2 protein chains.
Amino acid sequence: MDESIKIPTTRNGTTTFNLLLKASEACFFEKGYHGTTVADITQKAGVAAGTFYLYFPSKMSLYRHLLNELSHDIRKEIASKIDPSLKRVDQEKAGIRAFLEYAIKNPHMYQIIWESLYIDRSLFQAYYDAFAKRYIKGLTPAKEAHEMANLDLEIVAYILMGITNFMGLKIILDLGESESKIDAVVDTIMHVLKHGLFTAE
Amino acid sequence: MDESIKIPTTRNGTTTFNLLLKASEACFFEKGYHGTTVADITQKAGVAAGTFYLYFPSKMSLYRHLLNELSHDIRKEIASKIDPSLKRVDQEKAGIRAFLEYAIKNPHMYQIIWESLYIDRSLFQAYYDAFAKRYIKGLTPAKEAHEMANLDLEIVAYILMGITNFMGLKIILDLGESESKIDAVVDTIMHVLKHGLFTAE
DNA sequence: TTAGTATATGAATAAGCATTCATGTTATGA
DNA sequence: TCATAACATGAATGCTTATTCATATACTAA
């Protein structure tokens, strides 16, 4: 019943632990959580089946750990690319680009995040709620300074997440083709966010 | 190897067939495709386990059928709510509202659509590609008539799908709370699409 | 009425897979 | 050098579950 993972204490243990994490990311990306067996993971990691259970009490606990890690990773990555001294509109541009670049570099991210909807819906909700909260926090000063329209920030946050998430997924799915189009994608999004899509009547 | 379903020919058969479809939607929504057993479906439908295989050669074939049905259903529903004589911006508003209302009335839709990413990625891709194509077709005349900005329509299509899909999901996930907020959501989205989010420098 | 077809049953089958466990191996601090 | 804890193994276990099948009933056209 204890779902907590066992962090290794030695150099060798840490190596194995990380092999398992990397292998599982690759497997989950290829075949999804349910389509991946523990044997798949241990085989790809090059260790015996039993070794898995030295560190993870269950397949699910590994998944949870991955989601958690990914969540921190993305946040840190995006934050590092945003210069707080810029105007919010330019921060937004940097954030969108950072997200899309992260998605390209980590093509398994959607597999891990979206699959939570089918594994434990509360994990999915928690993930996007946390993301939305950060957005709202960032947008609030901009709203107060009238750098942006006077709109409900939670709705705005989901609009922005929807745009970036779908574009990221699109880019990943036809990888190779669109990967180079990142500039065009960012520019198009920013055009809509600055001037709207439809010409005023 | 034949994955095609067997359409019943009698009144009784049709009833059973539909019971199985309804039951599977409910089960998939509750527990996901992999979490749902064929026994779950037949039990909820009130038929014997073997009956399932009179109509569906496999669990997967049922899923495929559902995704296909849903896809047609959504398109028809949205198309019926759009008045082609309106300007594109107002067509868009009607389309967004129609999608969100459909999502609320069919809370299992995301489960079915997004899960395709983990069942057969090409199904997922086909679904959104088809949706994007319809968007592009609708937007092309507007672009030519300068009713909208001169942007890459495929990117625009994914921006619009991202916004509506994420807002729909958000509304479904905290059902009850946001369900009534549909007007605010539509208005906020339309504000962004008409005037942008950030005030011009 | 009756042959034939569609529909229905649910126990049996067989395969897959997460997890356990009895048995090593390695590394290290004293 | 040796005791001890960490790490590693992979065959065995036991459960779950998709699918099949032998059998039975309902309907329909002639």
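Order of the sequence lines sets the chain letters (A, B, ...), proteins ahead of strands, with each chain counted from 1. Keep in mind it's a predicted model, so treat the numbers as computed, not measured. The figures here come from the full heavy-atom set of this structure, side chains too, leaving out hydrogens, waters and symmetry mates.
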When the ring planes of A/F166 and A/W114 are compared, do they come out parallel, tilted or perpendicular, using 30° and 60° as the limits? tilted
Of the nucleotides C/dT7, D/dA8, C/dA18, which one has an atom closest to the side chain of A/T37? C/dA18
Could you give the NZ-to-P distance, from B/K59 to D/dT19, as a whole number of Å? 8 Å
Under 4.0 Å between a side-chain N or O of A/T16 and OP1 or OP2 of D/dC7? no
Just how far, in rounded Å, is C1' of D/dG10 from CD of A/Q43? 13 Å
Kindly state whether the ring of A/Y33 and the ring of A/Y118 have centres lying under 6.0 angstrom apart. no
For A/Y53 and D/dA12, what is the distance between atoms OH and P respectively, to the nearest whole Å? 18 Å
Taking only side-chain nitrogens and oxygens of A/K6, does any of them come within less than 4.0 Å of OP1 or OP2 of D/dA6? no
Can a side chain N or O of B/T10 be found less than 4.0 Å away from OP1 or OP2 on C/dA6? no
Of B/A49 and A/A49, the one whose nearest nucleotide on DNA chain D sits closer to the 5' end is A/A49
Earlier contact from the 5' end, DNA chain C, for A/G50 and A/G35: A/G35
Between P of D/dT20 and CZ of B/F56, the distance in whole Å: 15 Å
Which part of the nucleic acid does A/T15 contact within heavy-atom distance under 4.0 Å: base, sugar-phosphate only, or nothing? nothing
Between A/K93 (side chain only) and A/V186 (backbone N and O only), is there a donor and an acceptor less than 3.5 Å apart? no
Whole angstrom value for the distance that separates P of D/dT17 from NZ of B/K31: 8 Å
Over all strands shown, is B/G13 touching base, sugar-phosphate only, or nothing at heavy-atom distances under 4.0 angstrom? sugar-phosphate
For the pair made of CG in B/D40 and C1' in D/dT16, what is the distance, rounded to whole Å? 12 Å
Take the protein atom CZ of A/R11 and the nucleotide atom P of D/dA5, then report the distance between them rounded to whole Å. 23 Å
So is B/R75 actually on top of B/Y102's ring, under 6.0 Å and inside 45° of the axis? no
Taking only side-chain nitrogens and oxygens of B/N12, does any of them come within less than 4.0 Å of OP1 or OP2 of D/dC27? yes
B/V38, nearest nucleotide to its side chain (from D/dT19, D/dT9, C/dT7): D/dT19
If only atom types and distance count, is the side chain of B/Y63 paired as donor or acceptor with the main-chain N or O of B/S116 below 3.5 Å? yes
Is the phosphate of C/dA6, meaning OP1 or OP2, less than 4.0 Å from a side-chain N or O of B/Y55? no
D/dA18 C1' sits how many Å from B/Y63 OH, rounded? 18 Å
Within the pair A/T9 and D/dC7, is there a side-chain N or O less than 4.0 Å away from OP1 or OP2? yes
